[in-house]
Each structure stands twice: as structure tokens, then as C-alpha cells.
There are 2 protein chains.
Amino acid sequence: MSANSRLTLAAHALAWIGLYQRQGHEVATSEQIATSANTNPVVIRRLLGELRRAGLVESRRGVGAGWSLARELGSMTLLDVYEAVEPGPLFAMHRTTPDQGCVVGYGIQPAMQGVYEGIEETLRHELARVTLENVLRDVLAAPR
Amino acid sequence: MSANSRLTLAAHALAWIGLYQRQGHEVATSEQIATSANTNPVVIRRLLGELRRAGLVESRRGVGAGWSLARELGSMTLLDVYEAVEPGPLFAMHRTTPDQGCVVGYGIQPAMQGVYEGIEETLRHELARVTLENVLRDVLAAPR
DNA sequence: CTCAGTCGTAACAGTTATAGTTGCAACTAG
DNA sequence: CTAGTTGCAACTATAACTGTTACGACTGAG
């Protein structure tokens, strides 16, 4: 599995914005978040843009611009974030259609499709059990 | 999630070998399996090589060479296959270490690690519930 | 002992997804 | 008007996987 870090990075950004707002600030800039995540501000803006399309954050432009949460962290789950930033399915079918004249080539895709759908459903259920509030709590609970 | 087709292809190969052996043949060649999967024999050999290292199949060289199952399909689960062909974790951490001087940068990785471990455990449990015998049965049950 | 068929594996090109970078237009509070 | 920030396009870099070619290693058959 070629894993990617999009879900991790999105959770990082949301936790950062949430904590920053609790400290009394209105908005957080992509520059600040990028510094915390040790990456480029454009990477953060792209990712937050996807979260904005999903209704999880809002952005303001102009002077004093930046990002803020559109909802409470407690009402956002990792499933919401996952759906916002992960496009495809967990497991893929063959890149080229198998030989439809072969019994196995013909039946393998429906068979695996059934298995994969069940697994993705379970994954979604697990992701939905964790709110960003839970994540932030765990972040702050890390021993120093 | 950049999904890959390695698990699908490995299940295809195992189901093909299993069915072929039930039809009375001793071994299957990478050429035959590649034709069914519509890919290159080397791709199949590489993948089956990983399954051999995991003790799921055996290979013979020389004339009349090919691949055979090392165990019954009923005693092989998708988890065995998954572990044999998928190296990394499902979700990755940041590519570069976050700012350890930031509270969120410091605590985010342990927090997400905990979440991800639970999810991977659930995934493994789901994969372990499906045997290759189940897969072959579903393959043969596909309506024509 | 030779031959033919197949595996084992290295090497490289092609494809795709993600991440990183630069540059600049658009927007807006002051 | 100015300065700070987002929005976004374009490009490069990196990594994983797939596809392909090539060839040595092995072994049953004759």
C-alpha cells in the first residue's frame, strides 16, 4: 500500500486551527500552519481548500485573512476529513480488464468488489468514531 | 489513497492456480496466469515470488515447471495475502518531521499513530475473515 | 549431454499520485 | 493606495507500482 500523508496533514491543520482559536485568535494563516507541519504554505492551502469544499473550514481574504473552523471540532470526524481529502477506493481492481473468456478473469472483479465494499464500510465506521476533538485531546496529552 | 491492485492481482493468481489444480493439473505457468489477468508474466512471477516467501505457493523450475499451492485455499486468508504483498502501513505520517517546538507538531504523530493502529487492526480482522476458498466460490458464482 | 521450457532477477522505461516550489492575480482592512 | 493573505496555475521532484526486455539458472525428456 503506497500510503500517503494527506489525512494526517489535514488532521494536523484542523487541530492547529482549533487550538489557535481557543487561544483567542480569529483566524490562522497557511504560513503558520505550514511552519508547524514543516511544509510549504501552498500545500496547506491546497489541502484546506478541499476541506473548505467539504464545509469543514472557512477562509477570509485580504489583510488579516486566514482560515477558521466552520464547525466545532467535536462535530467533525476523521471520516469527514477522509472523504474530503481521499478520492479513490482503498483497493484497486486490475489496471487492464482481465480475460473475460476465462472463468477466473470473468468472476474475479465482482468477487473482490464484494469483499472490498464490506471492508471500506468497516473502515468508514472506524473513522467516524474519532472526532477531531478526540484528536486534539490526544495531541495535548502527549508526554513531554 | 493511492490504491494499488496488488491484492486483487494476487487473489486472482491464487484462485487461478487453485482452480487449475482442481481440474487435474500439477502446476500453472506465469504465462497462463498472465494471460488470464491480461498482464505481463514477469509481473506475475514477481508477485508469486512474494507469496512464495510467505509460504503460500511453491515453484518448480526446469521443463514442466510452474507454480502450485503450498496450502489449501481454505486455509489461506486475504490477510495472509495482504501481509505478503503490501509492505507499508495504510496511512502515513508527515514526510518531514513537524515542528517539535509546537504543541500540535509535537503531539500529532503519537495521537494519529494511536488512531491508525486501531484502524489497521480492524482492517486485518476483516481481511482474516475471508479465505481464498471464499473468493474462488464467489468467482465461480458470478452470473454470466 | 543437449535441448527446450520455465523460473529468477536485474535493469530500465512508462504511468500515476503526491509533495514541493515559484509566481502572480485577486481580494480587503486600514 | 498599500500590505498581507488567499486562490490558483504551472512546473519540478519524488516515490511506488506496472510493464517490458533480456538473460542466466535450472531441470525433465530424449
Side-chain angles (χ1 to χ4, degrees), chain A residues 1-10 12-13 17 20 25-35 37-53 57-68 70 82 84-98, chain B residues 1-10 12-13 17 20 25-35 37-53 57-68 84-98:
Chain A
M1 179 79 28
S2 80
N4 64 38
S5 58
R6 296 168 67 80
L7 185 59
T8 303
L9 196 53
H12 185 148
I17 298 171
Y20 197 60
H25 302 90
E26 287 260 329
V27 297
T29 69
S30 60
E31 176 74 36
Q32 295 170 314
I33 302 168
T35 297
N38 193 15
T39 182
N40 193 293
V42 177
V43 173
I44 300 296
R45 290 207 286 272
R46 272 200 296 242
L47 201 57
L48 287 178
E50 296 176 50
L51 298 183
R52 173 160 39 82
R53 259 166 256 132
V57 299
E58 289 166 347
S59 65
R60 287 206 322 236
R61 304 176 70 167
V63 174
W67 303 84
S68 53
Y82 176 82
V85 303
E86 300 283 358
L90 206 52
F91 299 107
M93 288 298 147
H94 309 64
R95 300 175 72 146
T96 57
T97 306
Chain B
M1 180 81 24
S2 83
N4 63 36
S5 58
R6 297 167 66 81
L7 185 58
T8 303
L9 197 53
H12 185 149
I17 299 172
Y20 197 60
H25 302 89
E26 287 260 328
V27 298
T29 69
S30 60
E31 176 74 36
Q32 295 171 316
I33 302 168
T35 298
N38 194 15
T39 182
N40 192 292
V42 176
V43 173
I44 300 297
R45 290 207 287 272
R46 272 199 296 241
L47 201 57
L48 288 179
E50 296 176 50
L51 298 184
R52 172 159 41 82
R53 258 167 256 133
V57 300
E58 289 167 347
S59 65
R60 285 207 324 234
R61 305 175 71 166
V63 174
W67 302 84
S68 54
V85 303
E86 300 285 358
L90 206 51
F91 298 108
M93 287 298 146
H94 309 65
R95 298 174 73 147
T96 58
T97 306

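Predicted model only: the values in this text are computed from it and were never measured.
At C:dC7, none of the side-chain N or O atoms of B:Thr29 fall inside 4.0 Å of OP1 or OP2 (strictly under the cut-off). Dashed line: the shortest gap from a side-chain N or O of B:Arg6 to OP1 or OP2 of D:dA16 is not under 4.0 Å. OP1 or OP2 of C:dG8 sits under 4.0 Å from a side-chain N or O of B:Ser59. Considering only side-chain N and O atoms, A:Arg45 lies under 4.0 angstrom from the phosphate OP1 or OP2 of D:dT6. Checking the phosphate oxygens (OP1, OP2) of C:dT18, a side-chain nitrogen or oxygen of A:Asn4 falls inside 4.0 Å.
Between the CZ atom of B:Arg46 and the C1' atom of D:dT18 there is a distance of 7 Å, rounded to whole Å. Atom P of nucleotide C:dT9 and atom CZ of B:Arg53 are separated by 7 Å, given to the nearest angstrom. Atom CD1 in A:Ile33 sits about 12 Å away from atom P in D:dT5, given to the nearest Å. Rounded to an integer number of Å, the gap from B:Glu26 CD to D:dG28 P is 12 Å. Atoms CG (A:Asn40) and C1' (C:dT21) sit 6 Å apart, rounded to a whole Å. Going from atom CZ of A:Arg61 over to atom P of C:dC27 covers 6 Å, rounded to whole Å. Atom CD1 in A:Ile17 sits roughly 10 Å away from atom P in D:dT6 (whole-Å rounding). If you measure from atom CH2 of B:Trp67 to atom P of C:dC7, you get 7 Å, rounded to the nearest angstrom.
When all heavy atoms of B:Tyr20 and B:Ala28 are compared, the closest pair comes out as CD2-CB, 3.9 Å. The two residues B:Ala65 and B:Val27 come nearest to each other via the heavy atoms O-CG2, 3.6 Å. Considering all non-hydrogen atoms of both residues, B:Arg45 and B:Ser30 come closest at NH1-OG, 3.2 Å.
Distance from the side chain of A:Val42 is smallest to D:dA9 among D:dA9, D:dT20, C:dG20. Listed nucleotides C:dC7, C:dG20, D:dC17 differ in distance to B:Thr96; the shortest reach to its side chain belongs to C:dG20. Out of C:dC7, C:dA19, D:dG19, the shortest distance to the side chain of B:Ala65 is found at C:dC7. Residue B:Val63 places its side chain closer to C:dG5 than to any other of D:dT6, D:dT20, C:dG5.
At a cut-off of 3.5 angstrom, counting only N and O atoms as typed in the model, there is no donor on one side facing an acceptor on the other between the side-chain of A:Arg60 and the base of D:dG4. The base of C:dG8 does not come close enough to the side chain of B:Arg52 for any donor and acceptor atom to sit less than 3.5 Å apart. Between the side chain of B:Arg95 and the base of C:dA19, no donor-acceptor pair of N or O atoms lies under 3.5 Å.
Looking only at distances, a side-chain donor or acceptor of B:Thr96 sits under 3.5 Å from a matching main-chain atom of A:Asn38. The backbone N or O of B:Ala92 lies less than 3.5 Å from a partner atom in the side chain of A:Thr8, making a donor-acceptor pair. The closest donor-acceptor contact from the side chain of A:Thr29 to the backbone of A:Gln32 lies under 3.5 Å.
As judged by a 4.0 angstrom heavy-atom cut-off over every strand, A:Gly66 is placed among residues touching the sugar-phosphate backbone only.
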